[in-house]
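Read the numbers this way: they start at 1 and go in the same order the structure lists the ligands and their atoms.
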Amino acid sequence: MPSISNKGTQMPASPIRKLVPYAEAAKKRGTHVIHLNIGQPDIKTPKVALDAVRNHTIEVLEYSMTQGSEAYRKKIAGYYAKQDIFVDSEDIIVTTGGSEALSFAMGTIMDNDDEIIIPEPFYANYNGFATAAGVNVRPIASSIDNNFALPPISRFEELITPKTKAILICNPGNPTGYLYSREEIHQLSELVKKHDLFLVADEVYREFTYDGREHYSILQVEGLEQHAIVVDSVSKRYSMCGARIGCLISKNKAVIDTAMKFAQARLSPPTFAQIASEAALETPPSYFEQVIDEYVSRRNLLITELNKLEGVKVATPQGAFYCVAELPIEDADHFAQWLLESFEVNGNTVMVAPAAGFYATPGLGKNQIRIAYVLEKEQLVKAVQILGRALTEYNKQ
Ligand SMILES: Cc1ncc(COP(=O)(O)O)c(C=O)c1O
């Protein structure tokens, strides 16, 4: 039989999606599965975005421009200007989700065997994109014991080798909810300038910051223009995960010109979804005020409920809509599968994402899970109660 590539064999399965067959089997048995595993918000997509597609009278669904429609890119630049981020439409490539922007970024700045430094735990698919690009992840562990605070900058510097090309951060972080301070962004900026590296920031959760904290973008740092690459997406901002629209932004012309070649290979981003995403930019600020209030109250409730469970440790997120919880068990992968295969309370069980896949260091996060608080409060409370009963039962075995 012809053989599969080494790259394909090494490609990690997503910890968020790999248990789906067990969840499907549970559903077929008639068990209701509460999904805490995936960041699919239940918040409604703004009507203005859906109406733009419904009311459109396109007769030929053409390819769009490789870099995305000009009208949309100009509006994106306008959106950033409102956030004190000054970019030009030419600095933007519209992509098929933030996911494609991440793979374009890696392809553009890294060769086989190059290294990228990423604070862990991090968005699990960074492992997948790095494997696909032939790039080695050099992780820096942050700890649940201090709310996943950024490790000292000196730790980053220790990891820099001649192969290091970039530092990648997710701000606010998935899965930790960690929000970088202005000072931390400046420290990282100085470091990348000193060692002539890129600083890639995944800012897809930019709007979701809590307790009066404000997001500070790497695009706001003066003098960082040639080093800064931002990944963005409409998926979470407007609850439009299925649109598959994101973008890559950089003031570095060589980065954009090179990323354009990757973009040309895939022709263009989806046309209807760009129409919806352009219209979504008309969404009034009140939408975000309501959404953020909702996430804050869900977060507070979730943390309170989790803290009631014996032996459970949880970090309080300052942004995004995930949290990492440490459980009184040894192997969260086994526990998560057991929840789907062998446990239920009155016909209900929960699906969680085992956190080990959010780390690159083997062995870390084995007793942790990621929970997405994208469900209504009533469902969250029920899910945590089920989790509590499950832990008791599981630890009796
Ligand atoms: C941190 C982060 N970056 C990027 C993505 C990719 O999002 P999309 O491809 O839907 O834009 C996600 C999705 O969950 C994410 O959490």
For this session: Can you sort out the partners of Y238 under side chain to side chain donor-acceptor pair (under 3.5 Å), two or more places apart, ordered by chain and number?
Result: none
Exercise. Are the side chains of T164 and M110 in touch, meaning some heavy atoms are under 4.5 Å apart?
Worked result: no
Short N or O separations between ligand 1 and the protein, below 3.5 Å:
{"unit_1": "ligand 1", "atom_1": "3 (N)", "unit_2": "D202", "atom_2": "OD1", "d": "3.4"}
{"unit_1": "ligand 1", "atom_1": "3 (N)", "unit_2": "D202", "atom_2": "OD2", "d": "2.5"}
{"unit_1": "ligand 1", "atom_1": "9 (O)", "unit_2": "G98", "atom_2": "N", "d": "3.3"}
{"unit_1": "ligand 1", "atom_1": "9 (O)", "unit_2": "S99", "atom_2": "N", "d": "3.0"}
{"unit_1": "ligand 1", "atom_1": "9 (O)", "unit_2": "S99", "atom_2": "OG", "d": "2.5"}
{"unit_1": "ligand 1", "atom_1": "9 (O)", "unit_2": "R244", "atom_2": "NH2", "d": "2.8"}
{"unit_1": "ligand 1", "atom_1": "10 (O)", "unit_2": "S235", "atom_2": "OG", "d": "2.7"}
{"unit_1": "ligand 1", "atom_1": "10 (O)", "unit_2": "R244", "atom_2": "NH1", "d": "2.7"}
{"unit_1": "ligand 1", "atom_1": "11 (O)", "unit_2": "G98", "atom_2": "N", "d": "2.6"}
{"unit_1": "ligand 1", "atom_1": "11 (O)", "unit_2": "S233", "atom_2": "OG", "d": "2.5"}
{"unit_1": "ligand 1", "atom_1": "11 (O)", "unit_2": "S235", "atom_2": "OG", "d": "3.2"}
{"unit_1": "ligand 1", "atom_1": "14 (O)", "unit_2": "K236", "atom_2": "NZ", "d": "2.9"}
{"unit_1": "ligand 1", "atom_1": "16 (O)", "unit_2": "N174", "atom_2": "ND2", "d": "2.8"}
{"unit_1": "ligand 1", "atom_1": "16 (O)", "unit_2": "Y205", "atom_2": "OH", "d": "2.6"}

Problem set entry | Charged N-O contact under 4.0 Å between K165 and D196 | no
Name each donor-acceptor pair under 3.5 Å that joins a side chain in residues 135-144 to protein atoms two or more places apart or in another chain, with its distance.
{"unit_1": "R138", "atom_1": "NH1", "unit_2": "E115", "atom_2": "OE1", "d": "3.3"}
{"unit_1": "S142", "atom_1": "OG", "unit_2": "E120", "atom_2": "O", "d": "2.9"}
{"unit_1": "S143", "atom_1": "OG", "unit_2": "D145", "atom_2": "N", "d": "2.9"}

For this session: Using distance alone, with no hydrogens and no angle criterion, decide if N171 and Y178 have a side-chain donor and acceptor under 3.5 Å apart.
Result: no
Exercise. Considering residues at least two apart in sequence or located in another chain, which fulfil the ring-ring contact (aromatic ring centres under 6.0 Å, His included) criterion with F104?
Worked result: none
